[in-house]
Amino acid sequence: MPSTLYTATATAWGGREGRVESTDRRIGLQLSVPKALGGDDGQGTNPEQLFAAGYAACFHSALKAVARQEKIDVAESAVSVTVGMAGGLAEGIDLTVRIEAELPNVPDDQARNLLAAAHRGCPYSRATQGNVAAELVLVQTDD
């Protein structure tokens, strides 16, 4: 097993209707259940939003690293991740992921290659590979 480069720890109290805090206190958030999942759609965030935010930031970093290696300018790029929940209580609930990337001024073929390489290298993508249905989407931009 490779040596650990970094660790992060967070603790939740009260599940989806409680709060979550990181040990370094940089994150301290109230949680609430979305209406679509039977909740009151309160002011708090939820685990899927937190996962989407982390995945988007990680994937964008992987994309920028691959682009840097290939000497491709992606300074104006953006990555959005949508996390969904599919299934039901009887059969089980699974996560789905849609990764949308906007790479202005990068030809489509190059952009698709960058996305595929980032997906192979992103720690979130690697951790969920084969467990979470993931869709990579290149968002067309108006040049």
Side-chain angles (χ1 to χ4, degrees), residues 1-106 108 110-142:
M1 184 171 205
S3 63
T4 302
L5 301 174
Y6 171 75
T7 63
T9 304
T11 302
W13 296 270
R16 289 180 169 272
E17 297 173 295
R19 64 187 176 93
V20 64
E21 187 174 293
S22 61
T23 54
D24 62 6
R25 299 184 189 266
R26 292 181 184 187
I27 296 174
L29 301 168
Q30 288 299 124
L31 302 173
S32 60
V33 180
K35 190 168 282 219
L37 297 178
D40 65 358
D41 213 22
Q43 298 277 329
T45 188
N46 60 65
E48 292 71 38
Q49 288 176 325
L50 295 170
F51 187 70
Y55 204 151
C58 187
F59 193 93
H60 199 204
S61 290
L63 178 69
K64 289 171 59 177
V66 170
R68 193 169 38 253
Q69 287 175 339
E70 298 293 323
K71 297 181 180 8
I72 299 171
D73 181 11
V74 295
E76 300 300 317
S77 63
V79 172
S80 298
V81 172
T82 302
V83 173
M85 296 180 77
L89 294 178
E91 68 274 18
I93 297 174
D94 294 314
L95 295 178
T96 62
V97 172
R98 179 180 170 96
I99 302 165
E100 295 183 358
E102 184 177 333
L103 289 88
N105 306 314
V106 177
D108 284 0
Q110 258 187 340
R112 290 183 200 293
N113 288 337
L114 289 175
L115 285 179
H119 195 48
R120 286 190 300 273
C122 171
Y124 275 64
S125 294
R126 292 169 53 86
T128 60
Q129 185 178 22
N131 299 312
V132 173
E135 179 183 11
L136 289 177
V137 177
L138 177 61
V139 176
Q140 301 298 324
T141 59
D142 296 328

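For reference, positions follow the sequence shown, starting with 1. Note that the structure is predicted; figures quoted are calculated from it, not measured.
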Minimal heavy-atom distance between Asp41 and Pro34, with the atoms involved, is OD1-CA, 3.7 Å

On a heavy-atom basis, which atom in Ala101 and which in Val79 lie closest, and how many Å separate them?
CB-CG2, 4.2 Å

Nearest heavy atoms of Leu95 and Val132, plus distance in Å:
O-CG1, 3.4 Å

Restricting to non-hydrogen atoms, name the atom on Gly121 and the atom on Arg126 that form the minimum distance, rounded to 0.1 Å.
O-CD, 3.6 Å

Ser22 side chain to Arg26 main-chain N or O, any donor-acceptor pair under 3.5 Å?
yes

Determine whether more than 12 heavy atoms belonging to other residues, nucleotides or ligands lie under 6.0 Å from atom CD of Gln43.
no

So does Gln129 have more than 12 non-hydrogen atoms from other groups sitting under 6.0 Å from CD?
no

Residue pair Asp73 / Val106: nearest heavy atoms and the distance that separates them
O-CG2, 3.7 Å

More than 12 heavy atoms from other groups under 6.0 Å of CD on Glu76:
no

The test is side-chain contact (heavy atoms from CB on, under 4.5 Å); show your working for Val81 and Tyr124 and say whether it passes.
CA-CA 11 Å; Val81 172; Tyr124 275 64; over 6 Å; no

Does CD in Glu17 sit with more than 12 non-hydrogen atoms of other residues, nucleotides or ligands closer than 6.0 Å?
no

Within a strict 4.5 Å, meaning less than it, do heavy atoms of the Met85 and Asp94 side chains meet?
no

